[in-house]
Amino acid sequence: QVQLVESGGGLVQVGESLRLSCAASGRAFGTYVMGWFRQGLGEERDFVAAISRSGGMANYGGTTGGRFTISRDNAKNLVYLQMDNLGPEDTAVYYCAAGGTLGSDPSTYNHWGQGTRVTVSS
């Protein structure tokens, strides 16, 4: 079992950057594929990025436009989402998730954090 806690969200201006962090508690962090999803107000949860167990492979959702980078540090039980050139469309609650398959299907992620809010204003 793993518990996930996101941090790093906040209010930023258009064009600025944020790095979100997800801290995992548990013994088996390195056995999980890790992903980031986001959900805007009144919207469905969308896939943002996922990273393989070793950190050597990553997938990204098309809505990020190449502006986001996912990474992980298994020694520290951390996964990151670097978000650059943010726009208002990136405003959402961002959720960290742990699962068994590198992909965009939320049903393959069995553990979820509580979310961290990102607001992008002009």
Side-chain angles (χ1 to χ4, degrees):
Q1 189 81 333
V2 62
Q3 291 181 306
L4 307 173
V5 180
E6 303 95 333
S7 63
L11 175 64
V12 297
Q13 298 282 92
V14 169
E16 294 183 337
S17 298
L18 278 176
R19 189 178 75 163
L20 306 183
S21 297
C22 174
S25 61
R27 306 190 196 98
F29 179 71
T31 71
Y32 291 101
V33 167
M34 299 298 299
W36 287 96
F37 294 77
R38 68 186 185 186
Q39 186 169 19
L41 184 63
E43 303 290 333
E44 292 187 336
R45 184 170 51 198
D46 291 329
F47 172 71
V48 176
I51 190 166
S52 63
R53 294 168 179 84
S54 66
M57 294 181 290
N59 289 343
Y60 294 94
T63 58
T64 67
R67 298 172 294 116
F68 292 5
T69 304
I70 188 171
S71 61
R72 68 191 295 165
D73 186 341
N74 287 354
K76 298 181 179 179
N77 279 21
L78 290 172
V79 60
Y80 305 101
L81 183 68
Q82 177 68 40
M83 306 185 295
D84 296 324
N85 194 23
L86 288 163
E89 70 275 12
D90 299 312
T91 294
V93 176
Y94 285 72
Y95 296 93
C96 178
T101 303
L102 184 66
S104 61
D105 186 354
S107 69
T108 67
Y109 296 85
N110 304 120
H111 304 91
W112 296 82
Q114 83 290 342
T116 184
R117 183 175 297 276
V118 173
T119 303
V120 185
S121 64
S122 59

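Under the 30°/60° scheme for interplanar angles, the aromatic rings of Phe68 and Tyr94 are found to be tilted.
For the pair Ser121/Leu11, a side-chain contact is recorded, criterion being any heavy-atom separation below 4.5 Å from C-beta on. Looking only at side-chain heavy atoms (C-beta outward), Phe47 and Thr63 stay at 4.5 Å or farther from each other. With contacts defined as side-chain heavy-atom distances shorter than 4.5 Å, the pair Cys96/Trp36 qualifies. Between Pro88 and Val14, some side-chain heavy-atom pair lies under the 4.5 Å cut-off. Looking at heavy atoms from C-beta onward, Met83 lies out of side-chain contact with Val48 at the 4.5 angstrom threshold. Between Arg19 and Leu81, every side-chain heavy-atom pair lies at or beyond the 4.5 Å cut-off.
Side chain of Arg72 to backbone of Gly55: no donor-acceptor contact under 3.5 angstrom is found. Side-chain atoms of Glu6 come within 3.5 Å of backbone N or O of Gly115 as a donor-acceptor pair. With hydrogens and angles disregarded, no donor-acceptor distance shorter than 3.5 Å links the side chain of Asp73 to the backbone of Leu78.
Here Asn74 contributes atom CG and Lys76 contributes atom NZ; the two are 12.0 Å apart, rounded to the nearest 0.5 Å. Here the OG1-CG distance, from Thr101 to Asn59, works out to 11.0 Å after rounding to the nearest 0.5 Å. Here the CZ-CZ distance, from Arg38 to Arg45, works out to 14.0 Å after rounding to the nearest 0.5 Å. A distance of 10.5 Å separates CD of Glu89 from OG1 of Thr64, quoted to the nearest 0.5 Å. With values rounded to the nearest 0.5 angstrom, Glu16 atom CD is found 10.5 Å from Asn85 atom CG.
Under a hydrophobic clustering in which Ile, Leu, Val, Met, Phe, Trp and Tyr are joined whenever their side-chain heavy atoms come within less than 4.5 Å, directly or via other members, Val118 and Ile70 fall into the same cluster. Phe37 and Tyr80 fall into different hydrophobic clusters, where Ile, Leu, Val, Met, Phe, Trp and Tyr are joined by side-chain heavy atoms under 4.5 Å apart, directly or via other members. Under the 4.5 Å side-chain contact rule for hydrophobic residues, Val33 and Met57 share a cluster. No continuous path of hydrophobic side-chain contacts links Val120 to Val93 [ILVMFWY only; heavy atoms under 4.5 Å].
Residues Gly100 and Arg53 share a closest heavy-atom pair of O-NH2, 2.8 Å. Closest non-hydrogen pair, Ala92 versus Gly40, comes out as CB-N, 3.8 Å. For the residue pair Ala50 and Tyr109, the shortest heavy atom distance occurs at CB-OH, 3.2 Å. Residue Val79 comes nearest to Phe29 through the heavy atom pair N-CZ, 4.3 Å, listed as atom of the first residue, atom of the second, then distance. Counting all heavy atoms, side chain and backbone alike, Leu18 lies closest to Gly8 at CD2-O, 3.7 Å.
Every side-chain contact (heavy atoms from CB on, under 4.5 Å) that Ala98 has, sequence neighbours left out, goes to Val2, Leu4, Tyr32, Met34, His111.
Side-chain contact check for Ser122 and Gln13: no donor-acceptor pair (N or O, by modelled atom type) lies under 3.5 Å.
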